[in-house]
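Please read these numbers as outputs of a predicted model, since none were measured by experiment.
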Amino acid sequence: MSESTPSRWRQAASSFVRSHHLLALAVAGVLVSGGAMTFRALSQPWPLSIPNNDLYLEALLTAIIVLLSLFVARHGLHLRHEIRRRRRAEAAAELSALQDAVTGLPNRTAFETRLAETLTALPRDGRAAVILLEVVGLRDLIDLHGFAVGDEARHAVARRLATLSESMVFRARLEGDGFAFIMKPGLTRNQLAQSAGRIVSHLSRPFEIDGRPFRIGSFLGIASAPADGRAAADLMRAAHVSLGRSKMLGLNTHSFFDPHEDLAVQEHAQLRAELSDAIAGGQIVPYYQPVVDLTRKEINGFEVLARWHHPVLGVLSADRFVSFAEDMDLIYDLTQSIVRQACEEAATWEKPYRLSINLSPLLLQNGERIAHVVDLVKSCSIEPSRLEFEITESAFIIDADSVRRSVELLRSIGAMIVIDDFGSGYSSFYHLREIPFDKVKLDRSFVSDVSLKPRAERFVRAVIRFCASLDLQTTAEGIEDAAVAAKLKEIGCDFGQGYAFSAPVHAGDLASVTESLRARLPTWNLGS
């Protein structure tokens, strides 16, 4: 059965009174006042008359004014409450926008704002400094125990950093495992170094989270104003450069900004940005360095070395950009381009000189890409048997099985396999036993001293004899003069290359360099 109409009216009235009690009170006042006036009028004798209409109207107007006043008062109270609520919400939002949720420290935005204010207020002869900190080891903790434990660890790091407030005026967490500090004004370079040392020392002590002990390491980068910049962005960039240098120096180290390193960082960024287009546009080309048969005193072949013809920086050697190609997954494109150019050029040479090509360890771990390199060689006019592929020992560290399969694939087309930089790595003899190499290239660090230091000579002699016992040919790189070449030939080295014979040259200069070297070699006194 549906609810009765009077019942619904009573509920509506009750609800109205609860939610608008002031307004209901005012209405009640009006009704009472009006009722009183009406009662007074009706209590008079008949015929009915209302001698004092002004009194009635005055009471009615008073009630209306009271009603309006109460309404305005209630609305004002509500408005003030809403304003206070919104202000609290805005303050909370502003605090949240400037605070790191995990550690409670100010975040990057707050840090950069404070740094800008500090530098703006810095006197002309004043000094300010920032230190960037990167913590190492928390990622492993997260991998083992999860993100919650990682957040607790970051909070523990923040608490420990708070104990170093005597040298800092502001601390912040940037992102990930990075922290930043604005140091007290006027600190000298030595005092900043001492502060950095204290940070490292404090963070090196063991931590404990829920009974789990853990240790962390750190890298620190330091930049000072005005020497390293007066703007916040400049100072932060300088500190990041310093931090990068610390990472090269090793764990738990700090570094100050060096403008020469800043130029190197800018150049690296430029090369990384341009590398892909340079490969596609043919700016990176093969250069050729002769490899000489020391016994016959004649050219045996050439090592292929990549060179970047940069429009601004000039000709850049491979060590300036190969690591970028590996980081950016461009090493396959680079290798394909160099192999194609070198094979096409070598196919046109008058004599079938051998061609030695370096392969990146990262490329060797990808059998599919090595298969593409093999297909490329087959598509060129050059005989694959003229090729030698050089492999460094570092290729075997990550995935030796994949490298072994790549070696077998390269050998299957008749190419020779050379182990490069022999003696500069570790477990070389193991690799010589396990991998079917054809030739060993001795690292230049041993070659340079072979004619000067008896110990170096004995070492090289022992390696050459060992290789000969395994039917492995030997090549010595980095030969700088005829005396070294003569000594190497004397102790049984098969081939040599280096600036004593020729620097790497462009294909356009190869004919003249080859002719000149072929004329000079017979005159060299390399012994009988």
Side-chain angles (χ1 to χ4, degrees), residues 264-289 302-348 355-382 384 386-399 402-413 415-418 420-421 504-508 510:
V265 169
Q266 294 182 42
E267 180 183 294
H268 289 175
Q270 177 185 358
L271 295 181
R272 291 177 71 94
E274 298 173 350
L275 182 56
S276 180
D277 290 339
I279 295 172
Q283 293 182 13
I284 302 179
V285 299
Y287 271 47
Y288 304 90
Q289 186 173 38
F302 298 87
E303 179 179 3
V304 178
L305 300 166
R307 294 292 184 268
W308 184 348
H309 284 201
H310 194 279
V312 176
L313 302 175
V315 179
L316 306 179
S317 59
D319 59 0
R320 300 277 292 277
F321 57 87
V322 165
S323 62
F324 301 151
E326 292 176 333
D327 292 342
M328 301 167 64
D329 196 28
L330 293 173
I331 192 63
Y332 171 70
D333 296 335
L334 176 60
T335 301
Q336 287 280 83
S337 175
I338 292 297
V339 170
R340 180 183 295 106
Q341 293 179 69
C343 288
E344 290 176 351
E345 289 170 351
T348 65
L355 207 59
S356 185
I357 300 171
N358 294 277
L359 292 179
S360 165
L362 293 180
L363 191 61
L364 287 161
Q365 291 162 20
N366 189 318
E368 182 178 352
R369 288 186 169 183
I370 289 297
H372 290 323
V373 172
V374 168
D375 291 339
L376 173 61
V377 171
K378 290 179 178 179
S379 69
C380 296
S381 301
I382 191 172
R386 291 173 56 188
L387 299 181
E388 299 178 0
F389 289 103
E390 297 189 9
I391 300 172
T392 61
E393 291 178 273
S394 60
F396 300 94
I397 296 175
I398 300 176
D399 190 350
S402 294
V403 174
R404 187 179 290 106
R405 288 191 291 270
S406 294
V407 167
E408 292 172 355
L409 185 58
L410 294 168
R411 284 179 61 87
S412 68
I413 62 173
M416 294 180 65
I417 307 298
V418 181
D420 195 13
D421 298 332
V505 295
H506 186 265
L510 191 57

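- Checking Leu330, Asn358, Leu363, Leu362 one by one against Thr335, the side-chain contact (heavy atoms from CB on, under 4.5 Å) holds for a single residue, Leu363.
- Every side-chain hydrogen bond (donor to acceptor under 3.5 Å, both in side chains) that Glu390 has, sequence neighbours left out, goes to Ser356, Lys441.
- Residues Ser360 and Ile331 approach most closely at CB-CG1, 3.5 Å, considering heavy atoms.
- A heavy-atom distance below 4.5 Å is not found between the side chains of Tyr287 and Val304.
- In this structure, Glu408 has no side-chain hydrogen bond (donor to acceptor under 3.5 Å, both in side chains) partners at least two apart in sequence or on a different chain.
- Considering all non-hydrogen atoms of both residues, Tyr288 and Ala342 come closest at OH-CA, 3.4 Å.
- Contacts classified as salt bridge (charged side-chain N to carboxylate O under 4.0 Å, His left out) and involving residues 329-348 (residues at least two apart or in different chains) are given here: Asp329-Arg369.
- A distance of 10.0 Å separates CD in Gln283 from CG in Leu275, rounded to the nearest 0.5 Å.
- Two residues are said to be in side-chain contact when any heavy atoms from C-beta on lie closer than 4.5 Å; Leu510 and Phe302 meet this criterion.
- When all heavy atoms of Pro286 and Ile338 are compared, the closest pair comes out as N-CD1, 3.9 Å.
- For Phe324, the ring pair (Phe, Tyr, Trp, His ring centres under 6.0 Å) partners at least two apart in sequence or on another chain are His268.
- The two residues Leu355 and Cys343 have their closest heavy-atom pair at CD2-N, 4.2 Å.
- Partners of Glu388 by salt bridge (Lys or Arg N to Asp or Glu O under 4.0 Å), not counting sequence neighbours, listed by chain and number: Arg354, Lys439.
- In terms of the salt bridge (Lys or Arg N to Asp or Glu O under 4.0 Å) criterion, Arg405 has no residue partners (sequence neighbours excluded).
- Sequence neighbours left out, not one pair with a member in residues 275-286 passes salt bridge (charged side-chain N to carboxylate O under 4.0 Å, His left out).
- By the salt bridge (Lys or Arg N to Asp or Glu O under 4.0 Å) test, Arg386 is found to be paired with no residue, residues two or more places apart in sequence or in another chain being considered.
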Given Ile284 and His309, is the side chain to side chain contact (heavy atoms under 4.5 Å, CB included) satisfied, shown in steps?
CA-CA 6 Å; Ile284 302 179; His309 284 201; over 6 Å; no
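- By the side-chain hydrogen bond (donor to acceptor under 3.5 Å, both in side chains) test, His372 pairs with no residue at all, sequence neighbours left out.
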Pairs under 3.5 angstrom only: tabulate donor-acceptor contacts from the side chains of residues 310-323 to other protein residues two or more places apart or in another chain.
residue : atom : partner : partner atom : Å
His310  : ND1  : Val312  : N            : 3.0
His310  : ND1  : Leu313  : N            : 3.0
His310  : NE2  : Glu274  : OE1          : 2.5
Ser317  : OG   : Asp319  : OD1          : 2.5
Arg320  : NE   : Glu267  : OE2          : 3.3
Arg320  : NH2  : Glu267  : OE1          : 3.4
Arg320  : NH2  : Glu267  : OE2          : 2.6

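- Counting only residues at least two apart or in different chains, salt bridge (charged side-chain N to carboxylate O under 4.0 Å, His left out) contacts with residues 357-366 are absent.
- A side-chain contact (heavy atoms from CB on, under 4.5 Å) with Val407 holds for exactly one of Leu359, Ile417, Ile370; it is Ile417.
- With sequence neighbours left out, Ser337 forms a side chain to side chain contact (heavy atoms under 4.5 Å, CB included) with Ile279, Gln341.
- Note that CZ of Phe389 and CD1 of Ile357 are 5.0 Å apart. Values are rounded to the nearest 0.5 Å.
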